[in-house]
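Below: the structure, in structure tokens.
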Amino acid sequence: MSAAEPAPSQTSAKPGHLGRSLPRFEDAALLTGRGRFLDDLPVGPATLQAAILRSPHAHARIVKLDVSAARALPGVAAVLTSAEVQALSAPLVVGVKAPMTCWPIATDRVRYVGEPVAVVVAADRYLAEDALEAIAIDYAPLPAVVDPERALAAEAPVLHEGLGGNLASDRSFRYGDPEAAFETAAHRIGITVRYPRNAVTPIETYGMVCEWDPGEDGYEVTANFQGPFSIHAVIARSLKVPGNRLRLKTPRDSGGSFGVKQGMFPVIVLMALAARLAGRPVKWIEDRLEHLTASVSATNRVVTLAAAVEADGKITALDWDQLEDVGAHLRAPEPATLYRMHGNLTGAYDIRNLAVRNRVVVTNKTPTGLNRGFGGPQVYFALERLVQKIAVTLGLDPVAVIRRNLIPAGAFPYRTASGGLYDSGDYQKALETALRDGGHAALVEKRDRVRAAGGLYGIGFATVVEPSVSNMGYVSTVMTAAERAKAGPKNGAQATATVALDPVGGVSVHVASVPQGQGHRTVLAQTVADSLGLEPAQIRVVAELDTARDAWSIASGNYASRFAAAVAGTAHLAAEQLKAKLARLAAAQLNVPAEALVFEGGRVCAADTPDNAIPFARLAATAHWAPGTIPEAAGQALRETVYWTPPQLTAPTPDDQVNSSLCHGFILDICGVAVERASGRVVIDRYVTMHDCGRVLHPGMVEGQIVGGFANAVGAALYEEYAYGPDGAFLAGSFADYLVPTVAEVPRPEILHVETPSPFTPLGAKGVGEGNCMSTPVAIANAVADALGVEDVILPLTPARVRALLDEPEPPAPAGTAPAAPPKRAGGRALAGTGSAGFAAPPQRIWDTLLDPATLEAIVPGCHKVEKLSETRFLAEVTLGVGPVKGRYSVEVALSDLVEPASVTLTASASGALGTGAGQGHVRLAATPEGGTRLDYDYEADVGGKVAAVGGRLLDGAARLVIGQFFAALGRQAGGGTKGGGATDGGATDGAGAAGPWTGLLGRLLRLLGIGS
Amino acid sequence: MPRLSADRRTEVRFTLNGRPVAGLAEPRLLLSDFLRHVVGATGTHVGCEHGVCGACTVRIDGGLARSCLTLAVQVEGCTVETVEGLAPGPARLSVLQEAFRRHHALQCGFCTAGILMSLDTLLRDEPAADKARIEEVLGGHLCRCTGYGPIVSAALDAAERLSEDPGAGDAPEERDGDV
Ligand code: FES
Ligand code: FES
């Protein structure tokens, strides 16, 4: 299809409610604390609460799992392990036909930190978490692989033996004649980029209530799940019930999702099974540590992209090599992140020749899934970094390179090389408007001025085509044409809407859009009010979904920015359909042809004789009370349900062309950054973002989507990363480690618009919510690359990273500043320190105390018991708290190099439900002239598991606190107490031993939270 | 305060939004859980349980506190205020709440309860708070939806209205919602 006609029902531009920024109907309840979020819904007294035991290891065999002690605890109703899961359910279906089995719980082996190992169901959450600690589990750690490139190496540890390696999919595509284009081009310019892991963590975490009905052999689940409802089939298959025995409901309000709440479906399976096992409803609310560690992440990706370029900057071919890291399992709908952009891999540019290699690799990290921008950030980071590099390499202005390559304005609908069908646009107009109204010339002047004065300043651009309304068939591009032919075609994107009339003229709208804060109810009320000539406040909208009662399809849900383009459009069609029937009814009563009627101001009247009217409410009453008067052909006039799927969303063709999305918006971003030379801090000085999202239905909400997405993208560009240690330890388990930007970090972007309505959607609207997540990270990166004159920029651009890119020595610290701490060992969660303590008692006394299990038991903080295994080996049970993570550990200590009473080396390893640790310490004792003892120590340790994930920043303080408490107690025990001394960590003296605990750990914690001073 | 025992629930009595309430709490029960699941005041939200996101912010005896870092037993005899108590009447919004609505300062509304508590307290103490002060206070909260700009605009708007008419505790103006 090269030219599509506009949809017949395209509304005229008559003034109405649509297009105005009405206050939202959602707000009154949300502002007064009367939202109905998942955890606010009432549950019956039978409802139990669940907690999940999760793996502290990235890769390990489960040697022993004994839940009997946990099962026996008071208040515990059931403990679910892989044995029950395997007995009661089937594995989750995997997106591509790959020989790997994917259970929602670890079976014999854990493959990422945070992977569920057992579920405890108890009377309340506190008891359930208590019981987790009573589960005895032993792991035999295996080598882990975190880096996608290393995962491909022959010697890399293998996650799924069935795959024979870690490569889950490898497909190559070719469109046009890329080889010839590269051959004849003046230049081949390439770039390799590594896009990191992150996610737009919603502030409300996952939550669900699951129930099993043995009479029906069915499950009922209420969850703040967001769709796509194609996942409903995945859950039902796993639970081994037909779809009609899995009733899935969503609450009215959801605390944000951004794609992330798609990823809860494996836990839905677990909790449904737990409810079945317990015979009672089970509720689970994810905590923040679980969310950051193991909910879902966007993919990280390594991309090598090359362009064939003419001397004037014209790109004639692209060669993509994408290596997608989906984490430990290939979970539905992955590898969708890799294929969502397949139709628009050439971006906003007219490039006819294209070669693509897409590989999917598994690593020991959290499995990936939907996230705002879904695939766009990864693709555009490579493409737009390359466009900047082409300009730098050829000595051209980046704007000139963009201009040279943009798809011409008259070319729409435009079919891309890989099969995308861009609905509408005028990229030239958008570009020139953005340059003019966005003050580009002044920005260039400023850059020159700052640079002349010795400062670092850069300008970056990003040109992005923002796809929306996904083709449900795009993921099948991962299969070969032959496999697709066998599996049957997949395409389309069914949207549904119902408009219903009550006997007194009230209008209800039901959609399956599952809003997560985007104001769907308001926009739908506007849309339907406009059709029926009513006020939006008269329309009642229900946007939550109940699969047992509502019209829905696999495409239902809140993703791929499908609301404005598809759902609102479908509601419009349903309202128009109802209106047409009502018009026939009114025509009979008013004696005018239906075509001559207008719906306005709550009445229906003849256009030329407005007094010949009937109130809307009366018409509604007639529809209910006097169906006999309805003209035969109209049928009923009570309720209209419309299913709408755009004909443009066809299945992939045999030569792998796919129109992956229905709508294609356009974004052009201009970003000016200043880089602080001394600190490496990136300051966004100016940000202009130009959008063409088709017709704007609600300007206030469109702006809200843009600035919200922009803020998320600033986080991805500068602060946020799901960081892993080389051994697969997860390092970002709290909001103090995973840095979500606050108001201080998010500047206000300047938003510009041009409007080219989509001819493919009923209202002319396109999606708008995800674009800045695609454009902003690379616009900022391009600006930083321009400021520093470097090529290899890696996100997030933290001050340390940027400083390292500056090829110059760091300026000396200002006078009076404490010297910086020496760098820790790699991994960021290594712990090291030195310190000393003074005692009134002589060295021998201290020595004896130190080596006596009974006294140690009394003086080691949090110690329950010390067992002497041999003369030089001890086993201790201790409870230690680091920040919010408090847990019980067994610690084995071996003594060596004993020189009585002068020095000893301690080698310790600790393990507990909350993490692991291993390290070494040296203790030296010396007699003081006063007959006392001076003790010096140093230690170095590595920690892993939950402690490493959340405690990173608190570990040093916690260690000093514990050591301080220990020496104080040692002094008391040995007689004479401690004298001065203190712990030092890289030069900063905290004096934990002497000054008491409050200045140490708690002080740091309070400072971290911005409470203390 | 009565002596607490780890395995016994204690009755906690306090004033919530002007009304006396009581409930049973184990010593380890967080105030956020107590308010939401024992007392039934679900307007206060929980986003992190480690004191960073600010969603759970409430007022205790007039001062701001993270209810996820406070134990229920600590509010014995205290006056606690939550988002449910901010509106001047059942079908009305406060000046600040109304400004949030006008400026689209909320989307999902999950972070909103805590932000309203902090900004309401700021405007109570400093009715003429400027942008810098507002941003300083808002800096203790995370919002994933709005990008913060609309929240700052709403607070500035409310500050302006309140300093023009310090008596205006609420906004009796045009309403087209379903409060
Ligand atoms: S829930 Fe209390 S600060 Fe996040
Ligand atoms: S409005 Fe959703 S997190 Fe703030």
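Below, chains carry the letters A, B, ... as their sequence lines are ordered, and counting in each starts from 1. Because only heavy atoms are used, hydrogens play no part in the values below, and waters and symmetry mates are left out as well, while side chains stay in.
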Under 3.5 Å, which donor-acceptor pairs link side chains of residues 39-47 of chain B to any protein atom two or more places apart or in another chain?
{"residue": "H45(B)", "atom": "ND1", "partner": "F110(B)", "partner atom": "O", "Å": "2.8"}
{"residue": "H45(B)", "atom": "NE2", "partner": "G43(B)", "partner atom": "O", "Å": "3.4"}

**Message:** What part of L96(B) gets within 4.5 angstrom of chain A, counting heavy atoms only: side chain, backbone, both, or neither?
**Reply:** neither
**Prompt:** Is it true that R125(A) and D33(B) have a side-chain N and a carboxylate O under 4.0 angstrom from each other?
**Reply:** no
**Prompt:** With side chains defined as the heavy atoms from C-beta onward, is the minimum distance between L31(A) and E98(B) less than 4.5 Å?
**Reply:** no
**Contacting region of H37(B) [heavy-atom separation from chain A under 4.5 Å]** = side chain
**Item:** Step-by-step side chain to side chain contact (heavy atoms under 4.5 Å, CB included) determination, T32(A) to E84(B)
**Value:** CA-CA 5 Å; T32(A) 50; E84(B) 287 99 333; over 6 Å; no
**Request:** Please tell me if the side chains of T112(B) and L30(A) come closer than 4.5 Å, counting only heavy atoms from C-beta onward.
**Result:** no
**Message:** Hydrogens and angles aside, do S153(B) and R748(A) bring a side-chain donor and acceptor to less than 3.5 Å of each other?
**Reply:** yes
**Test side chain to side chain contact (heavy atoms under 4.5 Å, CB included) applied to Y126(A) and L29(B), step by step** = CA-CA 8 Å; Y126(A) 290 69; L29(B) 189 71; 3.5 Å; yes
**S257(A) portion near chain B, given a 4.5 angstrom heavy-atom threshold** = neither
**Request:** Mind ranking E136(B), H103(B), E135(B) by heavy-atom pairs under 4.5 Å with chain A and telling me who comes out on top?
**Result:** E135(B)
**Item:** A113(B) versus chain A, the contacting section by heavy-atom distance below 4.5 Å
**Value:** neither
**Asked** Which residue out of V200(A), D124(A), T205(A) racks up the most heavy-atom pairs below 4.5 Å with chain B?
**Response** V200(A)
**Asked** Which atoms of L116(B) come close to chain A, meaning under 4.5 Å heavy atom to heavy atom: side chain ones, backbone ones, both, or neither?
**Response** side chain
**Request:** Considering only heavy atoms, give the residues of residues 15-28 of chain B separated from chain A by less than 4.5 Å, sorted numerically, with 'none' for an empty result.
**Result:** E26(B), R28(B)
**Asked** Given that the side chain runs from C-beta out, which part of P741(A) has a heavy atom under 4.5 Å from chain B: side chain, backbone, both or neither?
**Response** both
**Prompt:** Based on non-hydrogen pairs under 4.5 Å, which of T742(A), V746(A), T522(A), L292(A) is most in contact with chain B?
**Reply:** T742(A)
**Under 4.5 Å from any heavy atom of chain B - which part of D40(A)** = both
**Asked** Which answer fits D39(A), side chain, backbone, both or neither, if we ask what part of it has an atom under 4.5 Å from a heavy atom of chain B?
**Response** both
**Request:** Check whether E703(A) gets within reach of chain B through its side chain, its backbone, both or neither, counting any heavy atom under 4.5 Å.
**Result:** neither
**Request:** Please look at F710(A) and chain B and tell me whether the side chain, the backbone, both or neither of the residue comes under 4.5 angstrom of a heavy atom of that chain.
**Result:** neither
**Message:** Does any backbone or side-chain atom of L30(B) lie under 4.5 Å from a heavy atom of chain A? Answer side chain, backbone, both or neither.
**Reply:** both
**Message:** Only pairs of heavy atoms separated by less than 4.5 Å count here; which of Q107(B), H141(B), R144(B) has the most with chain A?
**Reply:** R144(B)
**Message:** Let's test your reading of the structure: which of L142(B), V152(B), V83(B), I151(B) forms the most heavy-atom pairs below 4.5 Å with chain A?
**Reply:** L142(B)
**Proximity breakdown for T146(B) and chain A, heavy-atom pairs closer than 4.5 Å** = backbone
**Request:** Starting from the C-alpha separation in whole Å, work towards a yes-or-no answer on side chain to side chain contact (heavy atoms under 4.5 Å, CB included) for Q516(A) and C108(B).
**Result:** CA-CA 6 Å; Q516(A) 315 278 329; C108(B) 77; 5.9 Å; no
